[in-house]
Amino acid sequence: MTTQENPQKGFFLTIEGIEGVGKSTALKFIQDYLTQANKNFIVTREPGGTPIAEQIRQVLLTPNSAETMIPETELLLMFACRVQHIHQVILPALAAGKWVVSDRYSDASFAYQGGGRGIDVSRIEMLEKWLLQDLRPDLTLLLDAPAQIGLERAKHRGPQDRIEQEKMAFFERVRRGYLDRMQQDKKRFRLIDATQPLENVRTTLKRILDAINQQ
């Protein structure tokens with residue numbers, strides 16, 4: 001059940017975008033904002049968020065020179081993480097009236113495994129309908145920048161995981177996947193230009209969060 005249908009319950013906010021668009025910085029700003037606003041909230045992430053899901057995350061993101069992970073395996077592992085995350089973290093927090101702020105959710109599978117890996121979107125929709133049922137974020141912030149800019153920023157963060165090691169063309173497809181996803185659900189998404197100065201991004205985030213608080 002969506003949180004919009006139960007306004008007395010919590011609020012589900014997700015942040016999406018390719019590597020290097022500043023999701024971690026945005027998450028820190030949102031966390032500070034919610035703290036100052038005296039909101040009861042949790043910050044979590046995908047893949048991961050629970051002990052089991054974090055173990056699967058290691059399998060997903062650790063480079064393996066002995067074996068190539070096929071796209072379908074990647075997709076199914078992502079949803080295995082997600083269903084644990086939903087039942088162990090997200091639903092209990094929302095039921096307790098908390099804000100849930102998640103670094104990625106199911107939109108990432110449409111972008112990465114759909115757009116990036118080329119898996120038929122109908123397959124992802126089938127998994128989403130089965131495993132997520134109708135749990136959707138109340139709001140999704142899509143931080144957007146060209147793949148070249150994002151990857152240039154990301155390469156300075158240290159060792160790259162298995163997905164971060166993909167070529168530029170992969171992340172260009174991922175970005176298009178995100179933008180296509182947004183076009184299908186414009187009411188839920190807020191597009192944020194991640195190429196603008198950090199202060200401008202923070203101003204945009206504050207305006208969005210202020211609007212939610214005033215509802």
Item checked: D107 vs Y112, side chain to side chain donor-acceptor pair (under 3.5 Å): CA-CA, chis, key distance, verdict -> CA-CA 9 Å; D107 295 308; Y112 279 81; over 6 Å; no
Check: So, S109 versus R82: side-chain donor-acceptor pair below 3.5 Å or not?
Finding: yes
Next item on the list: Determine whether the side chains of T140 and E16 contain a donor N or O and an acceptor N or O closer than 3.5 Å.
Entry: no
Presence of salt bridge, [Y] and [X], under 4.0 angstrom:
{"X": "E172", "Y": "K167", "answer": "no"}
{"X": "D185", "Y": "R188", "answer": "yes"}
{"X": "E166", "Y": "R173", "answer": "no"}

Heavy-atom pair with the smallest gap, counting every atom of [X] and [Y]:
{"X": "I56", "Y": "A80", "result": "CD1-CB, 4.1 Å"}
{"X": "V100", "Y": "A93", "result": "CG2-CB, 3.5 Å"}
{"X": "I86", "Y": "P92", "result": "O-CD, 3.8 Å"}
{"X": "E74", "Y": "L60", "result": "O-CD2, 3.7 Å"}
{"X": "P146", "Y": "T195", "result": "CD-CG2, 3.7 Å"}
{"X": "K23", "Y": "G17", "result": "CE-O, 3.6 Å"}

Counting distance only, does the side-chain N/O of [X] pair as donor-acceptor with the main-chain N or O of [Y] below 3.5 Å?
{"X": "R57", "Y": "G48", "result": "no"}
{"X": "R162", "Y": "P63", "result": "no"}
{"X": "Q165", "Y": "Q160", "result": "yes"}
{"X": "E164", "Y": "E19", "result": "no"}
{"X": "T73", "Y": "M69", "result": "no"}
{"X": "R181", "Y": "R176", "result": "no"}

Margin query: With rounding to the nearest 0.5 angstrom, report the CD1 to CD1 distance, I208 to I192.
Written below: 4.0 Å
Checklist line | Within 6.0 angstrom of Q196 CD, more than 12 heavy atoms from elsewhere | finding: yes
Note to self: Taking the six-membered ring of F29 as reference, does the cationic atom of R202 (NZ for Lys, CZ for Arg) lie under 6.0 Å from its centre and within 45° of its axis?
What the structure shows: no
Item checked: is_close_aromatic(Y105, F12), centroid dist under 6.0 Å -> yes
